[in-house]
Amino acid sequence: MENYSKGKNVEEPLERDKLPIPNLPKDFLWMQVQGGSKMRNLLELALKEYGNGKDVLWTGSGVAIGKVISCAEILKRKFKNVHQFNKIQYRRCEEYWDPKLEGLDQLVVNRDVPMIHILLSHEAINADLPGYQAPNKETRPRGNVRPNRPYKPTKPNISVQVEKAGLGYNKGKPKKNLPKKDEP
């Protein structure tokens, strides 16, 4: 490959008519996420439009897939009763490599880049097809909390037990050179 330099990339264009999700609503917000897109900007518009009653379709390919999933999960957390439909496919990308030396032909490399579409809607669309997720009726816990399980520490807190006993960390021996609690 040292005899070639990278040329142009030609990606398969995205069109509303060719989206792989059946029964799409007529009026929806299509968020096409790129790798350099700012999540704050994407979510600001999507939250506003979804709150106004419009369904949102998130689309991204390659390095933007993680960002698409994160945006969809944040929107689902902000609103209740969100119906989700997922579709995974590949997008064709052609890379052209131009020769540095005369006599060599131009190379064309075809790559299939993974792509995801996530439709978040107010009503159940495509509920019978694979990829549909019904809304979660329970409230979602925030953080690393397990619902319906009491907190049980796995190890006792040694420092609290040692302080109560008035002992230091040196295997049960009393602390040295420390004033007693009654002395100023």
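These figures come from a predicted structure and were not determined experimentally. Numbers for residues simply follow the sequence, beginning at 1.
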Heavy-atom closest contact (V63 atom, G35 atom, distance)
CG2-CA, 4.0 Å
With a 4.5 Å cut-off on side-chain heavy-atom distances among I, L, V, M, F, W and Y, is there a chain of contacts connecting I74 to I65?
yes
Has I88 got more than 12 heavy atoms of other residues, nucleotides or ligands less than 6.0 Å from its CD1?
no
Modelled atom types, side-chain donor and acceptor of S5 and W97, under 3.5 Å:
no
When you check the side-chain N and O atoms of N9 and E11, is any donor under 3.5 Å from an acceptor?
no
Using side chain to side chain contact (heavy atoms under 4.5 Å, CB included), reason through H117 and Q89 one step at a time and then give a plain yes or no.
CA-CA 8 Å; H117 302 279; Q89 68 179 46; 3.7 Å; yes
Do the two ring centres, one from Y50 and one from H122, sit under 6.0 Å apart?
yes
Would you say Q106 has more than 12 foreign heavy atoms packed within less than 6.0 Å of its CD?
yes
Hey, does L101 have a side-chain heavy atom less than 4.5 Å from the side chain of Y4?
no
Would F79 and L47 count as a side chain to side chain contact (heavy atoms under 4.5 Å, CB included) here? Give the steps.
CA-CA 9 Å; F79 294 98; L47 290 171; 3.7 Å; yes
Interatomic distance, S37 atom OG to N41 atom CG [nearest 0.5 angstrom]
8.5 Å
Does anything in residues 14-28 pair up under side-chain hydrogen bond (donor to acceptor under 3.5 Å, both in side chains), and if so which pairs, sequence neighbours excluded?
N23-N126
Min side-chain heavy-atom separation K38-K67 under 4.5 Å
no
Examine L119 and V33 and state if one hydrophobic cluster contains both, with Ile, Leu, Val, Met, Phe, Trp and Tyr joined whenever side-chain heavy atoms are less than 4.5 Å apart.
no
Same hydrophobic cluster for V56 and I21, using side-chain heavy-atom links shorter than 4.5 Å among ILVMFWY?
no
Exam field: side chain K87 to backbone I118, donor-acceptor pair closer than 3.5 Å:
no
Could you pull out all residues at least two apart from K6 that satisfy salt bridge (charged side-chain N to carboxylate O under 4.0 Å, His left out)?
E95
Looking only at atom types and distance, does a side-chain atom of E12 sit under 3.5 Å from a main-chain N or O of R92, one as donor and one as acceptor?
yes
Taking N52 for the side chain and K48 for the main chain, is one N or O donor matched with an acceptor at less than 3.5 Å?
yes
If every non-hydrogen atom of A124 is compared with every non-hydrogen atom of Y132, which pair is closest and at what distance?
CB-OH, 3.7 Å
dist E94:CD -> N110:CG (nearest 0.5 Å) comes out at 5.0 Å
Side chain to side chain, W58 and L120, heavy atoms closer than 4.5 Å
yes
Quick check: do Y96 and L107 have side-chain heavy atoms less than 4.5 Å from each other?
no
Please examine the side chains of F28 and L19, heavy atoms only from C-beta on, and report whether any two atoms are closer than 4.5 Å.
yes
Do I69 and M39 share a hydrophobic cluster (ILVMFWY, side-chain heavy atoms under 4.5 Å, transitive)?
yes
Report yes if the side chains of M31 and L45 come closer than 4.5 Å at any heavy-atom pair, otherwise no.
yes
In the structure I gave you, are the side-chain heavy atoms of P99 and N3 within less than 4.5 Å of one another anywhere?
no
Please answer: with hydrophobic residues joined when any side-chain heavy atoms are less than 4.5 Å apart, are V109 and V113 in the same cluster?
no
Checking side-chain polar atoms at under 3.5 Å, does S121 have a donor or acceptor matched by the opposite partner on H83?
no
For the SG atom of C71 and the CG atom of L42, what is their distance to the nearest 0.5 Å?
5.0 Å
Heavy atoms of I125 and P25 approach each other most closely as CD1-CD, 3.9 Å
